[in-house]
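The structure displayed is predicted, hence computed values, not measured ones.
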Amino acid sequence: IDFKKLEQRNSDTVAWICIPGNDSITGLPVDTAVVQTTDNSYYLSHSFDKSDNVNGWIYADYRNNMSNITSNYNTVIYGHARSYRMFGGLKNLNATPEWYKNGYNHFIKISTPNEETIWQIFSWHETNVYYNYTQTEFTSAQEFIDFAT
């Protein structure tokens, strides 16, 4: 990933995310830049080039340390599922048994200018806006474990 080139196009660029999939799931794979700004609302309605866009863009929670992604207990990355764009393909996973059968699909790659990381998907769920899935700071490892379980 040429982060210098991406940062020239958008200085908010902090990572690149790859979520595997195939043509059987509309909207997958996801293979695109992740941005981050000082709030969690701007990229709800703006695209990578900062133009207005109902689909928004994929962005990291402003509280996450994207310079050292492995230091976060809970790295929160947002993306709309309004259409097949951004994270839209993820809403179809429960209805796509062939996705489960391919173990390659169970990993997400997140690259930053400082790190190359691979994350194993162990679960997913749909939630409403009232569930505090966006908590990013924890006083201890046990507090995080309690949060995650």
Side-chain angles (χ1 to χ4, degrees), residues 1-7 9-10 12-37 40-44 46-48 53-149:
I1 306 301
D2 188 344
F3 282 102
K4 289 183 188 205
K5 193 173 191 177
L6 287 168
E7 290 167 351
R9 291 181 51 213
N10 184 329
D12 295 336
T13 303
V14 293
W16 189 272
I17 188 168
C18 295
I19 303 173
N22 57 39
D23 294 339
S24 68
I25 303 174
T26 302
L28 289 181
V30 174
D31 193 18
T32 195
V34 177
V35 292
Q36 183 181 42
T37 190
N40 286 335
S41 61
Y42 182 79
Y43 283 104
L44 284 171
H46 291 85
S47 64
F48 186 74
N53 187 316
V54 69
N55 289 306
W57 197 258
I58 295 175
Y59 63 97
D61 191 288
Y62 74 93
R63 298 167 293 184
N64 284 137
N65 178 358
M66 296 304 287
S67 296
N68 184 5
I69 194 171
T70 57
S71 70
N72 300 313
Y73 273 115
N74 187 25
T75 301
V76 180
I77 299 178
Y78 301 95
H80 280 311
R82 290 185 177 140
S83 66
Y84 64 90
R85 298 179 192 273
M86 300 307 119
F87 284 164
L90 300 180
K91 64 186 173 190
N92 301 315
L93 293 182
N94 287 332
T96 313
E98 61 270 12
W99 186 88
Y100 293 106
K101 293 177 185 175
N102 183 344
Y104 173 75
N105 291 335
H106 303 177
F107 296 91
I108 296 173
K109 182 178 180 183
I110 301 176
S111 303
T112 71
N114 303 323
E115 308 175 85
E116 296 275 337
T117 61
I118 298 176
W119 305 83
Q120 184 171 10
I121 300 170
F122 66 91
S123 71
W124 72 80
H125 64 277
E126 191 171 327
T127 186
N128 61 45
V129 296
Y130 303 108
Y131 178 71
N132 187 21
Y133 61 90
T134 63
Q135 183 175 347
T136 58
E137 296 179 13
F138 301 88
T139 58
S140 66
Q142 187 59 51
E143 183 185 5
F144 171 70
I145 291 168
D146 293 343
F147 166 82
T149 55

Quiz prompt | Least distance between heavy atoms, Tyr43 atom then Tyr59 atom | solution = CB-CD2, 3.5 Å
Self-check item: Geometric class of the Tyr42/His46 ring pair [parallel <30°, tilted 30-60°, perpendicular >60°]
Solution: parallel
Quiz item: Distance-only, no hydrogens or angles: does the Trp57 side chain make a donor-acceptor pair with backbone N or O of Ala33 under 3.5 Å?
Solution: yes
Quiz prompt | Check: Asp31 side chain, Cys18 main-chain N or O, donor-acceptor pair, under 3.5 Å | solution = no
Self-check item: Minimum-distance pair of heavy atoms, taken over all atoms of Ser67 and Asn114
Solution: O-ND2, 2.9 Å
Quiz prompt | Intermediate values then yes/no, side chain to side chain contact (heavy atoms under 4.5 Å, CB included), Ile118 and Ile108 | solution = CA-CA 6 Å; Ile118 298 176; Ile108 296 173; over 6 Å; no
Quiz item: Side-chain contact, heavy-atom cut-off 4.5 Å: Ile58 with Val35?
Solution: no
Practice problem: Specify the closest pair of heavy atoms between Tyr73 and Ser140, including all atoms of both residues, with the distance to one decimal. | Solution: OH-C, 3.8 Å
Practice problem: For side chain to side chain contact (heavy atoms under 4.5 Å, CB included), just list the numbers for Asn53 and Phe48, CA-CA rounded to whole Å, side-chain angles, deciding distance to a tenth of an Å, and then say yes or no. | Solution: CA-CA 9 Å; Asn53 187 316; Phe48 186 74; over 6 Å; no
Quiz item: Using 4.0 Å as the upper bound for N to carboxylate O, is an ion pair formed by Glu116 and Lys109?
Solution: yes
Practice problem: Mind running ring pair (Phe, Tyr, Trp, His ring centres under 6.0 Å) on Phe147 and Phe138 for me, showing each step along the way? | Solution: CA-CA 9 Å; Phe147 166 82; Phe138 301 88; 5.1 Å; yes
Quiz item: When rounded to the nearest 0.5 angstrom, what is the spacing between CG in Asn74 and CD in Glu137?
Solution: 11.0 Å
Self-check item: Option passing side-chain contact (heavy atoms from CB on, under 4.5 Å) with Thr13 (candidates Met66, Gln36, Glu7)
Solution: Glu7
Quiz item: Does Asn72 use its side chain to pair, donor to acceptor, with the backbone of Asn65 at less than 3.5 Å?
Solution: yes
Self-check item: Donor-acceptor pair, side chain of Asn40 and main chain of Tyr62, under 3.5 angstrom
Solution: yes
Quiz item: When rounded to the nearest 0.5 angstrom, what is the spacing between CD1 in Ile19 and CD1 in Ile110?
Solution: 8.0 Å
Quiz item: How about Val14 and Thr112: do any of their side-chain heavy atoms sit closer than 4.5 Å?
Solution: no
Quiz prompt | Closest contact, heavy atoms only, Tyr78 versus Thr134 | solution = OH-CG2, 3.1 Å
Practice problem: Answer yes or no: does atom CZ of Arg63 have more than 12 heavy-atom neighbours from other residues, nucleotides or ligands under 6.0 Å? | Solution: yes
Self-check item: Donor-acceptor contact present, side-chain Glu115 to main-chain Ile69, <3.5 Å
Solution: yes
